[in-house]
Each structure stands twice: as C-alpha cells, then as structure tokens.
Amino acid sequence: MDPESEFIRSEIPDVKNIVDNECWLEGERRGEPVDAHDKTIRERVAQIILGGAGAYLRKKHSGQRHGG
C-alpha cells in the first residue's frame, strides 16, 4: 500500500469517532437515532474536519506512518 493510502487509513478510526459523536448529538437534539449518512451529519463532520480537526489528525498520525 502506498504511504498516502496508509496515512489516510490510519485516520479512519478517528473520523468514525467524530461521525459517531455527531450522530449521538443530533439524535439527542431530534429525540431519535440519526443515520451517519444524514445530510446534517455529513455537513457537520465536514465542518469539523475542515475547521481544524483534519490538521490535528494529520499531525497526530504523521508520526505513525510505516516506513516514513
């Protein structure tokens, strides 16, 4: 696997945690479970990643690259 793919793969669990948290929060707001593919969830996760969490995750995982 190329280093870029491996790097992205290492971030997936963190992104999944963000999605899970946003589903829970939106479910609390609505009073019912919310699917991860819901438009509100997708938009909120994108805002979080683009708003700084993405840079944090890249920095966090940059030291975990194999062979890098």
Side-chain angles (χ1 to χ4, degrees):
M1 181 181 309
D2 61 79
E4 292 81 13
S5 295
E6 190 172 331
F7 184 69
I8 291 168
R9 186 174 285 236
S10 71
E11 295 178 338
I12 290 173
D14 291 316
V15 174
K16 183 180 180 331
N17 285 337
I18 293 169
V19 171
D20 290 346
N21 287 340
E22 289 306 310
C23 286
W24 179 82
L25 287 168
E26 188 62 24
E28 289 291 305
R29 286 184 201 107
R30 295 184 190 181
E32 61 185 23
V34 179
D35 186 83
H37 296 98
D38 182 270
K39 181 180 177 184
T40 302
I41 301 301
R42 292 192 325 253
E43 289 174 355
R44 182 66 187 133
V45 170
Q47 288 173 351
I48 291 168
I49 298 295
L50 295 173
Y56 168 78
L57 292 176
R58 284 187 292 281
K59 185 175 180 179
K60 175 183 172 185
H61 291 280
S62 65
Q64 296 180 6
R65 280 197 239 177
H66 298 85

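On a predicted model such as this, the values are computed, not experimentally measured, just so you know. Heavy-atom basis, side chains included; hydrogens, waters and symmetry copies ignored.
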Counting C-beta onward and ignoring hydrogens, is there a side-chain heavy-atom pair between Ile41 and His37 closer than 4.5 Å? no
How long is the gap from NZ on Lys16 to CD1 on Ile12, to the nearest 0.5 Å? 11.5 Å
Suppose we screen for side-chain hydrogen bond (donor to acceptor under 3.5 Å, both in side chains). Which residues come up paired with Arg30, at least two apart in sequence or across chains? Glu26, Asp38, Thr40
Separation between CG (Asp14) and CD1 (Ile49), nearest 0.5 Å, reads 8.5 Å
With a 4.5 Å limit on heavy-atom distance, are the side chains of Glu22 and Ile48 in contact? yes
Identify the two heavy atoms, one from Cys23 and one from Ala36, that lie closest to each other, and give their separation to 0.1 Å. SG-CA, 3.5 Å
CG/Asp35 to CZ/Arg42 distance, rounded to the nearest 0.5 angstrom? 9.5 Å
